[in-house]
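All remarks here apply to the structure that follows.
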2 protein chains.
Amino acid sequence: MSDLCDFPRLLAGQGVKVTALRLAVLEVLGAAPRALRAQEILEMIRARRRVNKVTVYRILDDFTRRGLLRRLAVEDRASLYELACEHHPPHPHFQCHHCGQVQCLEPAPLERMWAELKGPLGNRADRIDIRVAGVCHKCREMS
Amino acid sequence: MSDLCDFPRLLAGQGVKVTALRLAVLEVLGAAPRALRAQEILEMIRARRRVNKVTVYRILDDFTRRGLLRRLAVEDRASLYELACEHHPPHPHFQCHHCGQVQCLEPAPLERMWAELKGPLGNRADRIDIRVAGVCHKCREMS
DNA sequence: ATTATACTTGCAACTCAGTTGAATCTGCAT
DNA sequence: ATGCAGATTCAACTGAGTTGCAAGTATAAT
Ligand SMILES: [Mn+2]
Ligand SMILES: [Mn+2]
Ligand SMILES: [Zn+2]
Ligand SMILES: [Zn+2]
């Protein structure tokens with residue numbers, strides 16, 4: 001998930017002011033190897049500067065509504081966020097029952113399934129989330 | 001989702017005492033046409049008798065761990081619960097962005113995909129959740 | 001019948017992730 | 001300089017779920 005995106009440009013394209021905090025949120029997510037909780041994003045930004053959590057929540061929410069980020073609903077109470085730019089197309093995720101860690105999977109099988117699920121029942125579907133759960137290799141080794 | 005299951009037998013099979021409350025939880029879920037929030041289950045049981053929410057949460061948690069129920073992580077803060085008995089095999093779900101309503105979809109495409117996603121990266125996967133999101137037909141009509 | 005034991009349910013208080021509304025700050029245009 | 005809009009902050013709140021422990025209830029010895 002290391003990044004190729006031009007964040008300032010991305011924001012400008014949304015007609016949104018480019019601020020240090022908004023950039024920080026995108027940079028933290030761009031540098032992360034996996035989807036992050038709001039809390040984690042907050043802490044990573046705080047390693048460099050002072051921020052209020054409300055601001056971060058509001059930015060995450062705004063970006064998600066604009067389609068710059070995807071919010072993943074997982075088994076734990078807190079959602080995860082990941083970049084939704086052209087370099088990070090939608091893909092399934094794997095969550096370990098044991099450690100709770102969520103990893104990103106390859107998008108391949110999604111494409112095939114999408115066609116089948118997109119139009120059922122008269123709904124207009126525009127998003128599909130796939131979460132595969134089980135026990136990850138690290139946790140298997142430990143036990 | 002109306003029911004064919006013998007709940008007392010189901011509980012007995014788990015070596016779990018058959019109590020009025022545990023049955024009530026299963027009956028409410030068995031009668032529901034869709035997955036329910038803990039709050040909804042609580043209210044439905046309260047239409048008939050007195051219950052403490054903690055008890056219901058504990059029963060839901062216990063049943064989920066035993067595999068009698070599935071817990072669905074959705075976009076809203078509260079999870080949904082549905083029966084996981086032989087008559088209700090795992091299936092994808094559709095959630096409407098507008099009203100938040102979650103409906104159950106047919107299991108068909110799941111089977112095909114499962115084989116592909118089950119074993120990647122050395123993880124032992126034992127569950128796959130698919131959530132399709134968009135705008136449901138009711139909400140489309142309204143707007 | 002009486003007591004012991006295990007399990008179930010209830011109560012109060014708490015946690016945690018987010019949310020709200022109002023106040024302040026900041027960059028920019030007049 | 002002054003005004004304005006949008007960005008950020010602060011304190012207080014919400015809602016879903018959790019915790020520890022007390023009280024109730026059923027069953028199993030004695
Ligand atoms: Mn991902
Ligand atoms: Mn379902
Ligand atoms: Zn793990
Ligand atoms: Zn709807």
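Values below: every heavy atom of this structure, side chains too, minus hydrogens, waters and symmetry copies. We name chains A, B, ... by the order of the sequence lines, and we start the count at 1 in each one.
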Inset, instruction - Could you pull out all residues at least two apart from Asp61(A) that satisfy salt bridge (Lys or Arg N to Asp or Glu O under 4.0 Å)? - result: Arg65(A), Arg71(A)
Between the protein and nucleotides 21-28 of chain C, list the N/O to N/O atom pairs that are separated by less than 3.5 angstrom.
from	atom 1	to	atom 2	distance (Å)
dG21(C)	O6	Arg58(A)	NH2	3.0
dA22(C)	N6	Arg58(A)	NH2	3.4

Inset, instruction - Rounded off to whole Å, could you give me the CD-to-C1' distance for the Glu40(B) and dG17(D) pair? - result: 16 Å
Inset, instruction - Go through the steps for Leu68(B) and Gln14(B) under the test side chain to side chain contact (heavy atoms under 4.5 Å, CB included), then give the verdict. - result: CA-CA 9 Å; Leu68(B) 294 179; Gln14(B) 287 283 329; 4.1 Å; yes
Inset, instruction - Calculate the interatomic distance between Leu42(A) atom CG and dT8(D) atom P; express it in whole Å. - result: 14 Å
Can you give the donor-acceptor pairs under 3.5 Å from side chains of residues 42-57 of chain A to other protein atoms, not counting sequence neighbours?
from	atom 1	to	atom 2	distance (Å)
Arg46(A)	NE	Val51(A)	O	3.1
Arg46(A)	NH2	Val51(A)	O	2.8
Asn52(A)	OD1	Val54(A)	N	2.9

Inset, instruction - Applying salt bridge (Lys or Arg N to Asp or Glu O under 4.0 Å), name anything that partners Arg66(A), two or more places apart in sequence or on another chain. - result: Asp62(A)
Inset, instruction - Please report the closest heavy-atom contact between Glu75(A) and Gln95(A), naming both atoms and the distance. - result: N-OE1, 3.2 Å
Legend entry - Length of the line joining Phe63(B):CZ and dT8(C):P, which is rounded to integer Å: 10 Å
Inset, instruction - State which residues pass salt bridge (Lys or Arg N to Asp or Glu O under 4.0 Å) with Arg37(A); sequence neighbours excluded, sorted by chain then number. - result: Glu40(A)
Inset, instruction - Considering non-hydrogen atoms only, spot the tightest contact between Phe7(A) and Leu26(A) and give its length. - result: CZ-O, 3.5 Å
Inset, instruction - Check whether any side-chain nitrogen or oxygen of Asn52(B) sits under 4.0 Å from OP1 or OP2 of dT9(C), and answer yes or no. - result: no
Inset, instruction - Starting from C1' on dA16(D), measure out to CG on Asp61(B) and report it in whole angstrom. - result: 13 Å
Legend entry - Distance in angstrom units between Leu11(B) CG and dC7(C) P, rounded: 16 Å
Inset, instruction - Indicate, with a heavy-atom threshold strictly under 4.0 Å, whether Thr55(A) touches base, sugar-phosphate, or nothing. - result: base
Inset, instruction - From the options Leu23(B), Asp6(B), Thr19(B), select the one residue that forms a side chain to side chain contact (heavy atoms under 4.5 Å, CB included) with Leu11(B). - result: Leu23(B)
Legend entry - Gap between atoms CD and C1', on Gln14(B) and dT8(C) respectively (whole Å): 17 Å
Legend entry - Spacing of Leu80(B) atom CG relative to dA16(D) atom C1', expressed in whole Å: 13 Å
Nucleotide N/O to protein N/O under 3.5 Å, stretch nucleotides 15-18 of chain C:
from	atom 1	to	atom 2	distance (Å)
dC16(C)	O2	Arg77(A)	NH1	3.1
dG18(C)	OP1	Ser79(A)	N	3.4
dG18(C)	N7	Lys53(A)	NZ	3.3
dG18(C)	O6	Lys53(A)	NZ	3.2

Inset, instruction - May I ask you to verify if any side-chain N or O of Thr19(A) is less than 4.0 angstrom from the OP1 or OP2 atom of dG6(D)? - result: no
Legend entry - Atom of Leu72(A), atom of Ala35(A) and distance for their closest heavy-atom approach: CD1-CB, 3.8 Å
Legend entry - Nearest-angstrom distance from the residue atom CG of Asp62(B) to P of dT19(D): 15 Å
